[in-house]
Visitor: 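Before I ask anything, let me first share the structure, which is written out below as structure tokens.
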2 protein chains.
Amino acid sequence: MSLLPQIFQVGCAYQPGDYLFTAGERADDQFHVRSGMIKTYFINSEGTEYVTGFYLPGEVVPRVLEDGLHSQSAVALETSTVCRLNTLQFRDTATKEIAVALCEHAESSALQSLRYQLNLRNGSAAARFAGFCAQMADRLSNQGRDRHHIPTPMTRTDMASYLGLTLESLSRVISKLKTSGVIRAEKTFVEIKEPETMAVLASHLN
Amino acid sequence: MSLLPQIFQVGCAYQPGDYLFTAGERADDQFHVRSGMIKTYFINSEGTEYVTGFYLPGEVVPRVLEDGLHSQSAVALETSTVCRLNTLQFRDTATKEIAVALCEHAESSALQSLRYQLNLRNGSAAARFAGFCAQMADRLSNQGRDRHHIPTPMTRTDMASYLGLTLESLSRVISKLKTSGVIRAEKTFVEIKEPETMAVLASHLN
DNA sequence: CGAGGGTTTGACTCTGCTCAAAACGTGTGG
DNA sequence: CCACACGTTTTGAGCAGAGTCAAACCCTCG
């Protein structure tokens, strides 16, 4: 896992709205975020957008493949730096150790996915939002950043989609937590003022 | 992907209730189902069980790891044959091609996970059940079996947990579909009598 | 035949969705 | 510099679907 930063070298700048890759494209590359935030999503047959994740500096944007093609798109939410690794040339030159490292990364990222599923399955609107904050907090502190200051460059619509809620439901939850002093929420960030209260909410699944 | 059956060789018999592995155990092995059905689940801090998947012959039981330890348990629902592969000795002897094959398997299984998430996020009780049936149907026909005859050795409680529904809600959905002639449901299987109706239900997400 | 687990059905409650309108914020043009 | 228009967010009222609690039913096993 600690191998990853070494594997990815060349960085590239993306502006808000720039795509790392889009659904249907050949998946030739792996992407490692260095700064900013990346959102992944896909659009179903009825044209509805489903946000599937937000990725922070230090994280690898997961590849979800169908016959070697990306099944989702990845877009920058703010000005971001992202390193790219071509998997084809990588396969020739890489050692088996690196292949195993990437494999292990895939296995351990399944855990994140599992926790997310749990949040979606059970859990009130408040629990889902609190769970989201907790997850972001953990990931931020993994990268050595302030776990109580969560950047939110995405729209509320994006966040609601990710949480499987309507925009209105999410807005109500945030308002309530704001007026009760548990959080402070601006357009660009959420500040956790009472971590204990949030922890209780997050663990209270239905 | 077609490499997988070759990689796994030695088969082993499990009785209903026998564990392939349990949460917290060292994850030294990979498991490939040959017959029967395997259920994976985990138990949260409050002691509630969350069913995370059901695995058919021909499929690999996914490893969800936390610091090299299993974060979920896998148990046989009926008499099953399962092949086991020790990953440690495998790492020494395996070629890079095999490592890459297992890595690609992990990447493509993320797609299944994504579809499942979509079902959980949006979707009424009927849509979730129909989506479950559709998913099982696809996987059954992948293995050359009848896609309209879905074996259900798990309890309704298990199925409800997997779908993020209460036992009662699931029961009501099944009853309704049964009396309207869309499916035939017995304790051990579900027979799809009107695939078109089920397809409509599954795609109707909220 | 009785006991127990699993399942079905019923009545009621409540949370989150829908529809609708108002408020906010930002950028553009007069 | 202000007015307006558009996108985003907030707030409100009413409703529907899933959850909860409870009782009856079914089936298997002892």
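Chain letters run A, B, ... following the sequence lines, proteins first, then strands; residues in each count from 1. Only this structure's heavy atoms are used, side chains among them; waters, hydrogens and symmetry mates stay out.
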Visitor: According to side chain to side chain donor-acceptor pair (under 3.5 Å), who are the partners of B/Gln15, at least two apart in sequence or on a separate chain?
Guide: B/Thr79
Visitor: Which residues within residues 39-47 of chain A lie with some heavy atom under 4.0 Å of an atom in DNA chain C?
Guide: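 None, since no heavy atom is under 4.0 Å.
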Visitor: With sequence neighbours excluded, what pairs up with B/Tyr19 under the ring-ring contact (aromatic ring centres under 6.0 Å, His included) test?
Guide: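 Here no residue qualifies.
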Visitor: With heavy atoms of chain A within less than 4.0 Å as the criterion, where does contact along DNA chain D begin and end?
Guide: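 Footprint of chain A along DNA chain D, 5' to 3': D/dT9 to D/dT20.
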Visitor: Output all residues satisfying ring-ring contact (aromatic ring centres under 6.0 Å, His included) with A/Phe54, sequence neighbours left out; order by chain, then residue number.
Guide: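 Listed in chain order: A/Tyr162.
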Visitor: Going by side chain to side chain donor-acceptor pair (under 3.5 Å), name the residues that satisfy it together with B/Thr81, two or more places apart in sequence or in a different chain.
Guide: B/Ser35
Visitor: Does the pair A/Phe129 and A/Lys176 meet the rule for a side-chain contact (heavy atoms from CB on, under 4.5 Å), with working shown?
Guide: CA-CA 12 Å; A/Phe129 175 71; A/Lys176 208 164 276 181; over 6 Å; no
Visitor: If a protein heavy atom is under 4.0 Å from the base, mark B; if only from the sugar-phosphate, S; if neither, -; do that for nucleotides 5-20 of chain C going 5' to 3'.
Guide: --BBBBB----SSBB-
Visitor: Show every donor-acceptor pair shorter than 3.5 Å between a side-chain atom in residues 194-203 of chain A and any protein atom, with sequence neighbours excluded, or say none if there are none.
Guide:
residue  : atom : partner  : partner atom : Å
A/Glu194 : OE1  : A/Thr197 : OG1          : 2.8
A/Ser203 : OG   : A/Ala199 : O            : 3.3
A/Ser203 : OG   : A/Val200 : O            : 3.1

Visitor: Which residue pairs pass the ring-ring contact (aromatic ring centres under 6.0 Å, His included) test when at least one of the two sits in residues 184-206 of chain A, sequence neighbours left out?
Guide: A/His149-A/Phe189
Visitor: Which residues pass the side chain to side chain donor-acceptor pair (under 3.5 Å) test with B/Ser80, sequence neighbours left out?
Guide: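 Side chain to side chain donor-acceptor pair (under 3.5 Å) list for B/Ser80, sorted by chain: empty.
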Visitor: Please identify each residue that fulfils salt bridge (Lys or Arg N to Asp or Glu O under 4.0 Å) with A/Asp28, with sequence neighbours left out.
Guide: A/Arg26
Visitor: Restricting to ring-ring contact (aromatic ring centres under 6.0 Å, His included), what partner residues turn up for B/Phe21, sequence neighbours left out?
Guide: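 Residues passing ring-ring contact (aromatic ring centres under 6.0 Å, His included) with B/Phe21: B/Phe31, B/His70.
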